[in-house]
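Here the structure is a predicted model, which is why all the values come from computation and not from measurement. In what follows, every chain begins at residue 1, and chains take the letters A, B, ... in the order their sequences are listed.
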Amino acid sequence: MPDLESTTRYDPTEVEPRIVEKWLQSGLFHPDAEGTPEQTYSIAIPPPNVTGVLHMGHALNNTIQDCLVRYHRMLGQRTKWIVGTDHAGIATQAQVERALAAEGTSRQELGRERFVERVWEWRARYGGTIIEQLKRLGASADYDSERFTLDDEYAQAVLKVFVSLYEKGYIYRDRYMVNWDPGTGSAISDLEVEQREVRDTLYYIDYPLASGSGAITVATVRPETMLADSAIAVHPDDDRYRRLIGEKAILPLVGRKLKIIADEYVKPEFGTGALKITPAHDPNDFEIGRRHGLAQPSVIGEDGRITDEAPERFRALTIAEAQRAVVAELKEQGLLARTEPHEHTVPFSHRSGQRIEPLISLQWFMAMDELARPAIEAVTSGRVRFHPENQAKVYLDWMENIRPWCISRQLWWGHQIPVWYRDLETYVGMEPPRGEGWQRDPDVLDTWFSSALWPFATLGWPRDTPDLRAFYPTDALVTARDIIFLWVARMIMMGLEFTGTEPFSDVHITPIIQAPDGRRMSKSLGTGIDPLDLIEGGSRPPVYGKSSGGDSGESPGGDPGEFPAYGADAVRWGLLAMSSGQDVSFSEDKVAQGQQLTNKLWNAARLILLGVGRDVRAAATPNAVEDRWILSRLARARAELAARIDAFDFSHAALGVYDFIYGELCDWYLELVKPRLRAGEPELAATLLYVLTETVALAHPLIPFETEEIYSHIPGTEGLLAGRVNDLAAAVEADAAAEAEVQRAIEAVQALRSWRNMAEVRPGATVAARLDAPGYDATLEHIARLGRLSLNGTAEGEPVATIPIPGGSVQILPSAELDLGGAQSRLEQRRNKLRDEIGRAEGKLANSGFVAKAPAQVVQAERDKLERLRAELAAL
RNA sequence: GGGCGCGUAGCUCAGUGGGAGAGCGCUCGCUUCACACGCGAGAGGUCGCUGGUUCGAGCCCAGCCGUGCCCACCA
């Protein structure tokens with residue numbers, strides 16, 4: 001426990017680990033399964049990969065969720081944040097395979113059973129990393145019921161869903177064109193493919209006509225696939241080729257005859273206007289082939305080598321070798337008309353980074369149309385709301401054009417498909433079939449298949465559990481937009497299909513945090529920051545030079561190659577503050593601002609706690625106008641924060657809390673009450689404790705650690721702030737009169753300070769003055785003290801300066817302290833500025849259109865302003 | 001090709017029709033008994049460009065320029 005007296009700097013590294021332990025031991029994050037989903041509040045975390053380590057996206061996403069969860073918990077709702085990890089088929093398998101390679105072995109050598117055991121061992125040892133990091137961030141999730149998408153119970157849910165959808169006919173097996181990823185040796189879904197710009201060579205190849213009279217020239221970037229050509233297509237209206245439709249051409253190197261067909265797909269202006277058709281190795285050709293009933297010879301196998309369907313001399317070559325061989329032979333035969341460079345987009349695997357090989361393969365698919373229909377309706381009806389709203393359009397566009405989902409993966413780590421084969425028989429079920437000779441399908445399901453069940457499978461579905469009854473459907477889902485299709489859409493579809501309700505009502509799409517130069521944050525680019533390095537201090541990547549602005553060079557204190565230990569609260573506040581818009585650049589300044597806030601709050605707490613006795617108890621007992629003012633401002637801050645959290649507007653929520661603590665509590669209230677605090681006024685002490693308690697309660701969802709720590713120092717508090725239920729019914733209400741009165745005083749003090757600076761009055765000097773304005777009775781002493789005036793009501797004499805304040809002016813009287821001689825140029829500057837503004841206001845009021853059409857209130861405000869400016873100029 | 005954003009102070013960003021703001025950086029002043037990683041006061045913006053609507057535009061409309069992301073089967 002830090003000694004308040006001596007700890008003038010808030011030290012998160014001492015406080016935070018201690019508070020984490022308190023929270024975890026309290027059991028506060030593990031709610032009993034009671035109440036109805038309407039009464040409770042629940043969020044299912046987007047399960048991080050079990051291989052994952054916390055990155056900035058996780059940090060932001062989980063800060064937002066924690067903010068929501070803590071806020072609702074303090075409203076008194078039974079709150080559950082479902083937490084766990086995803087088995088992440090490809091990523092995890094790849095990780096363990098790398099480890100095996102380092103040991104000089106491989107998964108093939110181990111065999112499937114032993115390999116899967118090894119992955120479980122790996123998970124037991126390393127799989128908890130990200131969960132521990134979430135705890136360090138302050139995430140108040142239900143760690144006591146951590147879930148894993150490959151747990152036995154979860155697996156039952158997955159199998160049941162598969163079997164059910166199979167029985168409905170939605171899941172089926174088909175030979176179809178898939179995205180084959182040679183890197184992982186598996187098919188992958190459309191969503192795991194990314195298009196990249198590539199510079200290729202476009203080869204123009206002559207295909208001799210069977211009639212012997214000339215040739216038809218086609219253009220292709222994949223000459224090796226010609227070995228699997230089954231037709232040539234031209235546009236039906238293309239006059240150059242119309243006469244050739246129905247004729248045949250000879251496929252070079254192979255000798256097969258190819259029919260020349262007409263298809264609207266062909267773009268006459270591209271290449272030669274003649275397209276070679278390779279149904280087995282190109283998605284478009286596949287469709288054209290189906291339309292025309294063409295054969296689908298396949299010359300590239302799943303091993304990325306040329307198959308036996310190609311002429312013998314090409315067999316077993318790799319794709320690159322085959323391309324070289326084909327091109328060389330074409331050249332030799334004089335059939336390569338020409339080549340040209342060609343830029344186009346090409347599919348690559350998001351998983352392995354390798355170029356996708358489109359080929360026809362026997363895979364499991366899920367038909368999506370029937371599932372999509374109610375999921376579309378869920379959003380158009382408003383039962384599921386996106387924040388920001390325009391993301392709903394992205395979702396709907398995709399859902400309305402949804403295509404079948406390839407769900408089988410040629411991996412070992414995952415949910416093995418519950419299908420068994422025996423000769424021509426197929427058995428689908430949750431349990432293996434009886435009898436001998438059955439072989440189970442070796443493939444596993446796409447990881448996203450199991451993730452799609454996350455909100456209900458984690459609560460025990462398909463069993464009817466108390467957790468499910470209490471917490472499902474969940475309330476909010478917080479995620480980034482890159483997995484709207486992969487995950488969010490599929491959860492809505494599965495939730496509706498299997499539970500009959502939407503799995504959540506609100507989807508908050510977080511911004512994506514970019515590196516300061518606008519690029520993605522990524523380890524390989526060197527643009528990634530480990531949030532733990534910000535929290536606990538750690539290495540600063542070179543692209544994050546110390547402080548973006550200025551050219552001060554020297555960084556006072558600390559290694560420029562290291563981040564200071566900002567603490568989790570500062571990182572959380574900074575991330576929230578920077579999270580407006582759909583893409584944001586990471587701003588270390590915002591984290592630093594968060595650190596300032598924690599330090600400011602810490603010192604405010606010291607002032608209060610060290611200034612009042614240990615026997616005082618918090619109570620709102622206002623004894624002066626400033627007390628009523630701060631209580632009113634607090635009420636407004638609370639209402640604003642609630643509205644902003646309800647609207648998922650976290651950046652304004654964070655900035656609003658900052659403004660309240662900094663701009664109102666510290667800058668004004670604490671300064672105003674200092675004399676009374678020293679005088680030991682008991683009502684003030686109680687009010688200060690009340691304000692401090694309510695302030696830490698207000699800020700707790702954003703900066704939970706420090707507020708929890710301060711709360712423990714407040715006399716009379718019991719238990720944890722995280723578990724405190726805010727008694728909103730007993731809260732003090734806004735007091736507009738007090739707010740107006742103190743606001744005038746603030747503006748008067750600011751005007752006085754500004755004048756003193758401008759007139760170069762010695763800072764410590766107290767200046768004789770006379771107040772000439774009504775409405776300052778309750779704040780006169782404050783104005784005198786903070787403006788350093790000697791306000792003698794009966795003082796006579798000609799003023800040497802008149803300072804306008806709301807409602808009137810302060811007249812400065814001559815005294816030995818004053819020498820206005822040196823300030824003439826600054827005064828003249830001010831006069832010029834006033835003349836400019838007066839000119840502008842006069843112009844506006846001289847405009848008859850303005851006076852006639854603008855609302856009377858606006859016109860009057862302009863007149864008042866003009867009067868004020870004239871008065872100030874006259875007084876200077 | 002379609003869609004969604006963004007362009008406001010040196011930097012990062014607020015600001016959806018009536019006096020251009022915050023944090024950092026910069027300047028000046030202050031060892032004021034919570035905080036010098038502090039306090040007070042300032043300087044600094046033709047609000048990307050061009051038109052339009054309006055008494056009035058950073059804000060609404062159209063076009064353009066720049067920039068980021070998502071979706072899409074042009075060999």
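- Among the protein residues, A/Val851 comes within range of no part of the nucleic acid, since none of its heavy atoms lies under 4.0 Å from any strand.
- Spacing of C1' atoms, B/G23 relative to B/U31, comes out at 26 Å, to the nearest Å.
- Nucleotides B/A9 and B/C47, compared at atom P, are 10 Å apart to the nearest Å.
- You'll find that the side chain of A/Asp589 is closest to B/G23, out of B/G23, B/A75, B/U12.
- Counting non-hydrogen atoms under 4.0 angstrom, A/Glu862 reaches nothing in the nucleic acid.
- A cation-pi arrangement is not found for A/Lys853 relative to A/Phe850, the charged atom failing to lie both closer than 6.0 Å to the ring centre and inside a 45° cone about the ring normal.
- In this structure, the ring of A/Tyr395 has its center no less than 6.0 angstrom from the ring center of A/Phe485.
- A/Asn284 places its CG atom 7 Å from the C1' atom of B/C74, with the value rounded to the nearest Å.
- Place A/Asp583 and A/Gln391 on RNA chain B by their nearest nucleotides, and A/Gln391 ends up nearer the 5' end.
- Nucleic acid contact class of A/Tyr10 (heavy atoms, under 4.0 Å, all strands): none.
- Residue A/Pro283 is classed as having no contact, given no heavy-atom separation below 4.0 Å to the nucleic acid.
- Nucleic acid contact class of A/Ser580 (heavy atoms, under 4.0 Å, all strands): sugar-phosphate only.
- A/Ala852 comes within 4.0 angstrom of nothing in the nucleic acid, heavy atoms only.
- Nearest nucleotide to the A/Glu671 side chain, out of B/C24, B/G5, B/C35: B/C35.
- Among the heavy atoms of the strands, none lies under 4.0 Å from A/Arg756.
- As rounded to whole Å, 15 Å separates atom P of B/A75 from atom OH of A/Tyr203.
- The salt bridge (charged side-chain N to carboxylate O under 4.0 Å, His left out) test with A/Glu842 is passed by exactly one of A/Arg870, A/Lys865, A/Arg835: A/Arg870.
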Fill in: Criterion side chain to side chain donor-acceptor pair (under 3.5 Å) on A/His235 and A/Asp263, from CA distance to verdict
CA-CA 5 Å; A/His235 194 277; A/Asp263 195 287; over 6 Å; no
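- Residue A/Lys393 is classed as a sugar-phosphate contact, given heavy-atom separations below 4.0 Å to backbone atoms only.
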